[in-house]
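For reference, the structure discussed in these notes is given below.
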Amino acid sequence: MVEYAGACWSEIVRQRARFSHALSSLLDWTHPNRRIFNRTGDGTLCTGIPSSPEADTPVTMAAIGSRGTVTEFRGFNADEDAQKLRKGMKGVGTDESAIIEILSKRTIAQRQLIKQAFKKAVGKDLLDELKGELTGNFEKVVVGLLMPSPVYSAYELRNAIKGAGTDEGCLIDILASQNNQEMRAIIAAYKNEYGKDLEDDVCSDTSGMFQRVLVSLLTANRDESDHVDQAQAVQDAKDMFEAGEARWGTDEVKFLTVLCIRNRKHLLRVFEEYQKISNRDIEESIKREMSGNLEDAFLAIVKCLRNKPAFFAERLYKSMKGLGTTDSILIRVMVSRCEIDMLDIKAQFQKMYGKTLYSFIKGDCSGDYRNILLQLCGSDS
């Protein structure tokens with residue numbers, strides 16, 4: 001009976017997800033100019049994929065966030081940048097410094113205009129040309145920078161799923177850190193780019209309670225109000241305590257119901273009440289009660305709710321500490337957050353680990369790969 005109820009619950013969530021983002025897909029992605037609308041720091045909407053210069057709607061080239069190290073380049077000229085990139089790829093060899101100088105100092109919206117200008121002037125796709133000129137991790141960074149934010153997230157999710165094995169860490173990093181609007185844009189971009197439903201692909205590569213958590217996140221239906229219900233916060237804390245620490249075994253559904261649905265301010269109050277009831281921090285209890293991908297998913301949700309820049313600072317630190325570098329994590333975080341909150345991530349990194357992010361990257365990477373990451377990181381402060 002429990003398994004049957006669980007299966008019914010999963011199907012309800014799956015159907016709700018399809019319904020909830022169907023309208024968003026039509027409005028945000030299938031627009032004639034294929035615009036993705038992103039909210040800037042002052043609350044206005046800007047286009048992640050600018051329309052053509054001939055379009056009636058003016059193009060906003062501002063960054064998609066207000067705390068990034070990459071900001072709108074003043075005196076921007078897409079035609080001039082396109083010509084400089086073309087010159088950097090002509091003849092024998094490639095001028096990597098020109099590529100770094102331009103692409104690391106333009107917003108996503110500005111890069112889309114450069115792509116348009118390059119195709120108009122040269123008759124070739126800039127991304128394809130750069131792929132033919134570059135290799136390795138440097139190429140991966142450049143490829144990521146040339147994609148609009150939702151498309152890049154969809155691209156990373158697709159790579160995490162396709163082929164042998166699954167990069168569960170990538171799924172968690174992306175899906176646990178989005179707001180509803182961002183999630184819907186990613187789902188629409190995935191459908192547009194790959195002709196498949198992201199939820200279906202995630203479900204085909206995951207299982208159990210971990211799958212159910214990801215499906216719940218993909219519904220993009222978290223309450224995003226600021227309302228805090230004190231009585232409900234106490235009850236939510238009590239429910240999670242009784243589902244975990246207070247019993248033999250763990251009822252993970254109770255954690256899912258609270259952590260994937262309630263709004264951020266309410267959950268911060270829940271975490272305070274949980275500490276009072278259990279004498280443990282919620283993160284400590286998750287570590288005690290769960291394991292593997294499910295533990296990682298719930299921890300990521302809690303950490304992003306508490307302090308998203310600190311979450312990404314930790315991911316960057318773990319990608320570089322010890323022997324070797326987990327370049328996939330390093331690249332994904334640097335590319336995806338440089339225009340949003342990299343200033344805050346840098347501050348958290350230094351606070352948490354006593355060293356600057358800049359110094360870590362400088363000591364852990366090399367060549368053009370290091371140079372472009374350092375540009376995205378910003379100054380050593």
Side-chain angles (χ1 to χ4, degrees), residues 63-65 67-73 81 84-85 88 94-108 110-111 114 126-127 130-131 133-149 151-153 155-156 159-160 167 169-170 173-174 177 308-381:
I64 60 176
R67 296 290 297 163
T69 50
V70 175
T71 58
E72 183 178 350
F73 186 78
D81 284 347
K84 289 177 183 177
L85 290 170
T94 305
D95 185 356
E96 288 86 357
S97 61
I99 294 171
I100 295 171
E101 179 65 23
I102 293 171
L103 296 184
S104 68
K105 296 183 179 179
R106 306 295 187 271
T107 63
I108 293 171
Q110 289 176 327
R111 294 184 205 119
I114 295 171
L126 176 58
L127 185 56
L130 286 168
K131 284 181 178 179
E133 294 285 332
L134 310 177
T135 59
N137 289 322
F138 179 51
E139 177 193 352
K140 292 176 182 177
V141 176
V142 169
V143 167
L145 290 174
L146 284 170
M147 294 181 183
S149 183
V151 177
Y152 180 61
S153 293
Y155 170 80
E156 286 289 289
N159 286 338
D167 184 352
C170 176
D173 283 358
I174 295 175
S177 61
K308 194 177 293 184
F311 169 75
F312 284 115
E314 181 183 4
R315 295 296 285 156
L316 287 170
Y317 175 75
K318 289 183 177 180
S319 76
M320 292 182 283
K321 75 170 186 177
L323 296 175
T325 304
T326 309
D327 295 291
S328 60
I329 299 174
L330 176 58
I331 293 169
R332 182 170 62 250
V333 176
M334 295 302 298
V335 169
S336 65
R337 308 307 298 187
C338 64
E339 198 170 309
I340 300 173
D341 55 0
M342 187 56 67
L343 292 173
D344 298 324
I345 292 171
K346 289 171 60 179
Q348 287 293 327
F349 191 98
Q350 186 158 10
K351 179 181 178 181
M352 293 163 68
Y353 305 112
K355 295 183 179 180
T356 64
L357 176 59
Y358 188 99
S359 68
F360 253 70
I361 294 172
K362 188 174 183 180
D364 222 58
C365 305
S366 62
D368 296 314
Y369 174 47
R370 174 177 65 185
N371 293 338
I372 197 167
L373 289 183
L374 290 178
Q375 288 296 322
L376 297 178
C377 177
S379 62
D380 186 15
S381 60

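When reading the values below, keep in mind they use all heavy atoms of this one structure, side chains included, and skip hydrogens, waters and symmetry mates.
- Here the side chain of Arg111 pairs no donor or acceptor atom with the backbone of Met147 at under 3.5 angstrom.
- Annotation for Glu139 and Lys131: closest pair OE2-CG, 3.7 Å, computed over non-hydrogen atoms.
- For the pair Met352 and Ala313, the tightest heavy-atom approach, listed with the atom from each and the gap, is SD-CB, 4.1 Å.
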Evaluate side-chain contact (heavy atoms from CB on, under 4.5 Å) for Ile174 paired with Cys170, printing each intermediate quantity in order. CA-CA 6 Å; Ile174 295 175; Cys170 176; 3.8 Å; yes
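- With respect to the salt-bridge test (charged N to carboxylate O, under 4.0 angstrom), the residues Lys308 and Asp341 do not qualify.
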With side-chain contact (heavy atoms from CB on, under 4.5 Å) as the criterion, how do Leu357 and Met320 come out once you've worked through the C-alpha distance, each side chain's angles and the decisive distance to 0.1 Å? CA-CA 10 Å; Leu357 176 59; Met320 292 182 283; 3.8 Å; yes
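- Of the inter-residue distances, the one linking Ile108 atom CD1 with Ser149 atom OG reads 5.0 Å to the nearest 0.5 angstrom.
- Asp95 and Ser97 form a side-chain donor-acceptor contact under 3.5 Å, judged by distance and modelled atom types alone.
- The CG atom of Asn137 lies 4.0 Å from the CD1 atom of Ile331; values are rounded to the nearest 0.5 Å.
- Within the model, atoms CD1 of Ile99 and CG of Leu145 stand 11.5 Å from one another, a figure rounded to the nearest 0.5 Å.
- When only modelled atom types and interatomic distance are considered, Glu133 and Thr94 share a side-chain donor-acceptor pair under 3.5 Å.
- Residues Ile361 and Cys377 share a closest heavy-atom pair of CD1-CB, 4.2 Å.
- Judged by distance alone, with hydrogens and angles left aside, the side-chain atoms of Gln110 form a donor-acceptor pair with the main-chain N or O of Phe73 at under 3.5 Å.
- For Phe349 and Phe360, the ring centers are positioned less than 6.0 Å apart.
- Side-chain atoms of Lys346 come within 3.5 Å of backbone N or O of Ser379 as a donor-acceptor pair.
- Within the model, atoms NZ of Lys105 and CG of Leu376 stand 11.0 Å from one another, a figure rounded to the nearest 0.5 Å.
- A donor-acceptor pair under 3.5 Å is absent between the side-chain atoms of Arg332 and the main chain of Glu156, judged by distance alone.
- Between the side chain of Ser104 and the backbone N or O of Gln375, no donor-acceptor pair lies under 3.5 Å.
- Shown here for Cys365 and Leu330, the closest heavy-atom pair between the two residues is SG-CD2, 3.7 Å.
- When all heavy atoms of Met342 and Val333 are compared, the closest pair comes out as CE-O, 4.0 Å.
- The residue from Asp327, Ile100, Val335, Leu146 that alone fulfils the side-chain contact (heavy atoms from CB on, under 4.5 Å) condition with Val141 is Val335.
- Here CG of Asp344 is found 10.0 Å from CZ of Arg337. Values are rounded to the nearest 0.5 Å.
- The minimum heavy-atom distance between Glu339 and Ile64, with the atom names listed, is OE2-N, 3.0 Å.
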Are Ile102 and Leu85 close enough, and set up right, to give a side-chain contact (heavy atoms from CB on, under 4.5 Å), and what steps lead you there? CA-CA 8 Å; Ile102 293 171; Leu85 290 170; 3.9 Å; yes
